[in-house]
Chemist: 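Okay, here's the structure, questions in a sec.
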Amino acid sequence: MAERQFFRFLPPAGDPIPFNDILRAALDSSLGDGGQFAAILRSYLATNHCYLVSSGTAALHLILRAISDETERNEVVIPAYCCPSLVASTVKAGLKVRLCDIRRNGFGFDLERLGELLNPRTLCVVVVHLFGIPHDMKPIMDMVTRAGAITVEDSAQAFGVSPDAAKLGTIGDIGFYSFGRGKPLTMLGGAAIVTNRTDCAEKIEKYLAELPKNPLFVNVSSLAKVTLYSLFVHPYLYWIPNSLPFLRLGETKFVSQFETRSMCRYQAALGKILVFLSDSLNQGRARNSRFLIERLTHCTDNPSFFIPGDDFPIPYLRLPVILVSPNLRERILSELVGKGIGATRMYGVALPRIAGVSPHLFEVAEYPNAEYIAARLLTLPVNSLVTQKDVETVIGVFENVSESGKNG
Ligand SMILES: *Cc1c(COP(=O)(O)O)cnc(C)c1O
């Protein structure tokens with residue numbers, strides 16, 4: 001068993017980018033094309049304004065700078081379990097991070113805690129649709145609007161997801177998407193900001209105009225990255241980058257410094273082609289998720305886990321499984337990884353415990369639900385590389401571990 005992972009390892013998230021699209025985008029961008037990506041996104045997402053930047057981190061940073069311009073408000077509320085780059089975006093804009101605990105049954109805000117946090121200095125609340133799980137926006141937006149603040153939708157993991165008529169990211173006042181590695185639609189970098197509010201759009205445009213131009217090598221290195229990624233994301237090659245310690249593929253590191261640039265022309269040209277794959281990628285993830293959920297819920301009489309989300313067929317970016325105990329999580333995780341399945345702990349710990357984050361926080365309180373989830377969360381791959389055999393492997397591990405749990 002142990003040797004298997006050196007030959008086949010299923011990545012936790014990510015889908016290959018077709019090589020003919022990679023080449024076509026190179027040709028298009030060298031001919032000066034790619035300019036229509038923002039317009040295509042506007043129509044795909046049904047939103048009035050769309051702006052392309054270099055990363056999701058840069059997108060939120062730019063949004064925060066733009067909306068904090070002419071106001072004394074300086075507090076940004078983010079969930080206590082989420083991507084640490086939200087802290088970097090906020091701190092670099094000179095604003096204060098206020099963490100809000102999440103619910104015990106998922107990743108959404110604990111609305112009671114949110115109500116206590118909102119105050120006249122609240123600039124905005126960042127709703128994070130983690131794994132593509134849609135949050136009920138209405139109650140949050142009502143509270144935020146009443147507090148005179150702005151709702152920002154972090155849809156980095158939810159591109160193209162639409163539980164109702166509107167797509168996630170376009171419901172709040174401002175939203176953003178990331179096209180980085182491991183996101184629903186990847187170009188190994190780049191991001192989009194969207195809004196239907198003209199006043200917000202005007203403020204954002206002012207900052208966009210100041211962004212530095214991309215030199216040619218940014219496009220060339222983007223093309224090189226996309227090509228290598230598309231090759232090495234395949235399970236029979238993925239073990240190579242996965243075993244190179246300097247790539248640190250599995251880790252979430254907090255990086256306080258980042259650049260804010262516009263999206264490079266190569267990524268825009270590639271995005272223009274790939275956006276039409278988004279729906280079928282999401283449908284594939286929804287199908288794989290549903291199948292895995294059905295198999296998992298039938299594999300033991302006494303379920304030792306729950307899966308956040310509701311009836312809507314969610315195209316989970318990775319399937320989040322919350323085990324009953326941290327110990328069980330660790331046992332299942334190591335079994336799966338040993339069998340070549342890219343299961344992960346996601347961020348591993350609540351936001352204040354990610355190395356390097358706490359000095360940037362303006363207050364640290366108790367976040368019991370974020371801690372609870374962080375210690376028990378396991379993610380399972382549901383990307384387009386998952387095979388029937390992988391599903392059987394996952395089910396086998398869950399069955400085995402629950403059995404051995406019973407006996408001892
Ligand atoms: C990846 C991610 C970001 C940051 O996007 P980058 O493009 O990697 O900078 C922000 N929020 C969430 C939830 C993410 O998953």
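Numbering of ligands and ligand atoms starts at 1, following listing order. Keep in mind it's a predicted model, so treat the numbers as computed, not measured.
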Chemist: Hey, mind stepping through Cys124 and Leu64 against side chain to side chain contact (heavy atoms under 4.5 Å, CB included) and telling me if it holds?
Modeler: CA-CA 8 Å; Cys124 70; Leu64 294 177; 3.5 Å; yes
Chemist: So, using side chain to side chain contact (heavy atoms under 4.5 Å, CB included) as the criterion, who are the partners of Leu237 when residues are at least two apart?
Modeler: Leu231, Phe232, Ile240
Chemist: Measure and list all N/O to N/O distances between ligand 1 and the protein that fall under 3.5 angstrom.
Modeler:
{"from": "ligand 1", "atom 1": "7 (O)", "to": "Gly56", "atom 2": "N", "distance (Å)": "2.7"}
{"from": "ligand 1", "atom 1": "7 (O)", "to": "Ser178", "atom 2": "OG", "distance (Å)": "2.7"}
{"from": "ligand 1", "atom 1": "9 (O)", "to": "Gly56", "atom 2": "N", "distance (Å)": "3.3"}
{"from": "ligand 1", "atom 1": "9 (O)", "to": "Thr57", "atom 2": "N", "distance (Å)": "2.9"}
{"from": "ligand 1", "atom 1": "9 (O)", "to": "Thr57", "atom 2": "OG1", "distance (Å)": "2.5"}
{"from": "ligand 1", "atom 1": "11 (N)", "to": "Asp154", "atom 2": "OD1", "distance (Å)": "3.4"}
{"from": "ligand 1", "atom 1": "11 (N)", "to": "Asp154", "atom 2": "OD2", "distance (Å)": "2.6"}
{"from": "ligand 1", "atom 1": "15 (O)", "to": "Gln157", "atom 2": "NE2", "distance (Å)": "2.8"}
{"from": "ligand 1", "atom 1": "15 (O)", "to": "Lys183", "atom 2": "NZ", "distance (Å)": "2.6"}

Chemist: Return each pair, listed once, that meets ring pair (Phe, Tyr, Trp, His ring centres under 6.0 Å) where at least one residue sits in residues 164-196; pairs must be two or more places apart or across chains.
Modeler: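 Qualifying pairs, neighbours excluded: Phe37-Phe179, Phe159-Tyr177, Phe159-Phe179.
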Chemist: Taking only residues two or more places apart in sequence, or in another chain, which ones meet Arg376 in a side chain to side chain contact (heavy atoms under 4.5 Å, CB included)?
Modeler: Ile322, Pro326, Tyr372
Chemist: Within the 3.5 Å criterion, strictly below it, is a donor on Asn119 or Glu75 matched to an acceptor on the partner's side chain?
Modeler: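 Yes, side-chain donor-acceptor contact under 3.5 Å.
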Chemist: Using a 6.0 Å cut-off, check whether atom CD of Glu72 has over 12 heavy atoms from anything other than its own residue.
Modeler: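 Not buried by this count: 12 neighbours or fewer within 6.0 Å.
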